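To keep things clear, I will list the structure first and then write my remarks on it.
Quick note on labels: first sequence line is chain A, next is B, and so on, each numbered from 1. Predicted model, so just to flag it, every value in this text is computed and none were measured.
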Amino acid sequence: MIGIIDYGMGNLFSVSCALDRLGVEWFISDDPEKLQNAKGLILPGVGSFKDAMALLDRQELTRFIQDYAKSGKPLLGICLGMQLLFEESEENGPSKGLALLPGRVVRFSGTDRNGESYKVPHMGWNRLKFTNRSELQNGLEQDYVYFVHSFYVETDDKTVITASAEYGVEVPAVVGRGSVYGMQFHPEKSGGMGMALLENYLELVEGKV
Amino acid sequence: MDSMLTKRIIPCLDVKEGRVVKGVQFVSLRDAGDPVELAAFYDKEGADELVFLDISASHEGRQTMVDVVMAVAASLAIPFTVGGGIHSLEDMKRILRAGADKVSLNTAAVLRPELINEGAGYFGSQCIVIAIDAKYDETIGTWRVYTHGGRKPTERDVITWAKEAVERGAGEILLTSMDCDGEKSGFNVDLTKAVSEAVTVPVIASGGAGNAMHFEDAFKEGKADAALAASIFHYKETSVKEVKSFLKQQGVVVR
């Protein structure tokens with residue numbers, strides 16, 4: 001059973017619809033005791049980093065997610081949920097993240113290295129470039145996925161990035177280390193490619209039991 | 001800029017009392033009025049997003065739209081926007097919680113611009129699309145904003161309004177040229193370019209698509225980030241697939 005973490009800031013419905021289409025069982029909960037029993041977790045998220053961390057703290061989910069991940073059970077963060085896996089963010093003033101992966105979350109500057117301006121948010125279909133091996137990318141070809149975000153992850157440790165997309169900067173798109181994974185785009189809105197990536201995560205969750 | 005971000009092609013479906021209207025001509029469909037079946041068709045064709053415009057006049061029709069949104073969200077793996085009849089934060093909540101990715105606001109935002117701040121503050125800018133109906137006005141030498149489905153002229157000019165909407169938190173502009181709408185002689189490239197260069201968020205060109213070349217113009221000259229069309233897709237004058245393969249040949253990045 002997949003547990004979807006409900007802390008009040010995610011498009012839970014779309015994620016659960018995608019899991020339904022893939023024929024897996026899931027439940028939505030904000031209760032650490034219930035979530036503890038999940039074979040794998042999904043941390044969705046839309047909105048601001050600071051608000052999200054405040055909600056996770058208030059519901060005593062911060063510590064729980066950190067412990068769950070350290071126990072080696074799989075965790076997948078999606079969009080803001082992926083950003084929360086990192087150490088800190090500059091969104092609405094600095095705030096601490098879950099610190100499961102090394103790096104920080106910064107805003108797109110809107111100007112690329114040649115001084116050319118570009119639109120923020122990064123919204124639409126962008127091509128994934130596989131940069132490192134990941135179970136999530138098993139058997140898949142580099143393809144387009146759907147992004148909507150104004151902040152991205154900056155990290156000195158490139159080994160956590162397994163796929164990236166080009167948008168003024170190299171945007172980490174699929175990340176992972178150990179049993180902690182993240183996708184900056186919305187797999188549940190990314191057509192066949194998104195569903196295939198999610199399916200790989202679900203297979204990996206099943207395999208861990 | 002270095003990017004593989006694609007230009008998006010967006011079919012638009014008009015829904016009335018829960019049914020797609022404007023006589024979509026698909027012999028292959030069991031029920032050409034079923035929004036879910038049509039959505040699945042366009043998804044398979046390679047549409048990057050969909051827009052549903054609720055043109056129901058009744059309260060019951062609006063309620064039905066929520067069911068339509070839920071059914072579409074359950075079956076569709078690409079993003080979709082719902083517009084029409086959204087006047088309050090409560091309306092936005094109803095539609096977004098039913099599974100839509102974005103809502104588009106038109107008249108309601110012009111009448112009460114704070115609605116944009118409220119929506120963006122609650123759901124984030126990425127959920128808030130501002131739809132602008134624009135018509136050129138010689139007396140002021142620029143485009144004027146119209147509301148109420150294009151029936152009512154306002155005192156606002158399009159560029160200023162687009163900028164204000166973005167400052168208030170709009171994440172995208174859906175820009176319809178009333179001068180070009182229905183003419184099938186191409187998107188309004190000048191208008192699209194003017195707005196796209198004035199704002200920092202993506203702009204969807206709408207109104208006037210007649211063939212695949214028009215899309216190329218909208219992207220290359222109009223600097224649009226996405227382009228929307230209805231009848232040419234519904235009446236099979238061209239298909240999303242055809243448009244995309246043409247754009248690819250012309251060096252436009254599409255999915």
Side chains of [X] and [Y] only: does a donor on one sit below 3.5 Å from an acceptor on the other?
X: A/Tyr167; Y: A/His149; answer: no
X: A/Glu135; Y: A/Tyr201; answer: no
X: A/Gln137; Y: A/Thr162; answer: yes
X: A/Asp157; Y: A/Thr159; answer: yes

Pick from [options] with the largest number of heavy-atom pairs that fall under 4.5 Å of chain A:
options: B/Ser196, B/Gly99, B/Ser3; result: B/Ser3
options: B/Pro202, B/Cys127, B/Gly124; result: B/Pro202
options: B/Arg97, B/Lys7, B/Lys102; result: B/Lys102

With respect to chain B, which residue among [options] yields the maximal number of heavy-atom pairs within a distance under 4.5 Å?
options: A/Lys119, A/Arg113, A/Glu166, A/Glu116; result: A/Lys119
options: A/Gly47, A/Ser16, A/Ser117, A/Gly168; result: A/Gly168
options: A/His186, A/Met195, A/Arg127, A/Met123; result: A/Met123
options: A/Asp112, A/Leu12, A/Asp20, A/Asp51; result: A/Asp112
options: A/Tyr118, A/Phe13, A/Phe147; result: A/Phe13

* A/Ser14 versus chain B, heavy atoms under 4.5 Å apart: side chain, backbone, both or neither? -> side chain
* Tell me, with the steps shown, if A/Phe49 and A/Phe151 meet ring pair (Phe, Tyr, Trp, His ring centres under 6.0 Å). => CA-CA 10 Å; A/Phe49 191 103; A/Phe151 289 77; 8.7 Å; no
* To do: Give me the contact list for residues 66-75 of chain B versus chain A, heavy atoms only, anything under 4.5 Å, ordered by residue number.
  => B/Met70, B/Ala73, B/Ala74, B/Ser75
What part of [X] gets within 4.5 angstrom of chain A, counting heavy atoms only: side chain, backbone, both, or neither?
X: B/Ala98; result: backbone
X: B/Val203; result: both
X: B/Asp43; result: neither

* To do: Decide whether a cation-pi geometry holds between B/Lys93 and B/Tyr122; the criteria are a distance under 6.0 Å from NZ or CZ to the six-membered ring centre and an angle within 45° of the ring axis.
  => yes
Taking 4.0 angstrom as the limit, do [X] and [Y] come out as a salt bridge?
X: B/Arg94; Y: B/Asp91; value: yes
X: B/Glu164; Y: B/Arg168; value: yes
X: B/Arg255; Y: B/Asp48; value: yes
X: A/Lys96; Y: A/Glu87; value: no

* **Set of residues satisfying side chain to side chain contact (heavy atoms under 4.5 Å, CB included) with respect to B/Ser177, sequence neighbours excluded** => B/Asp179, B/Cys180, B/Asn188, B/Leu191
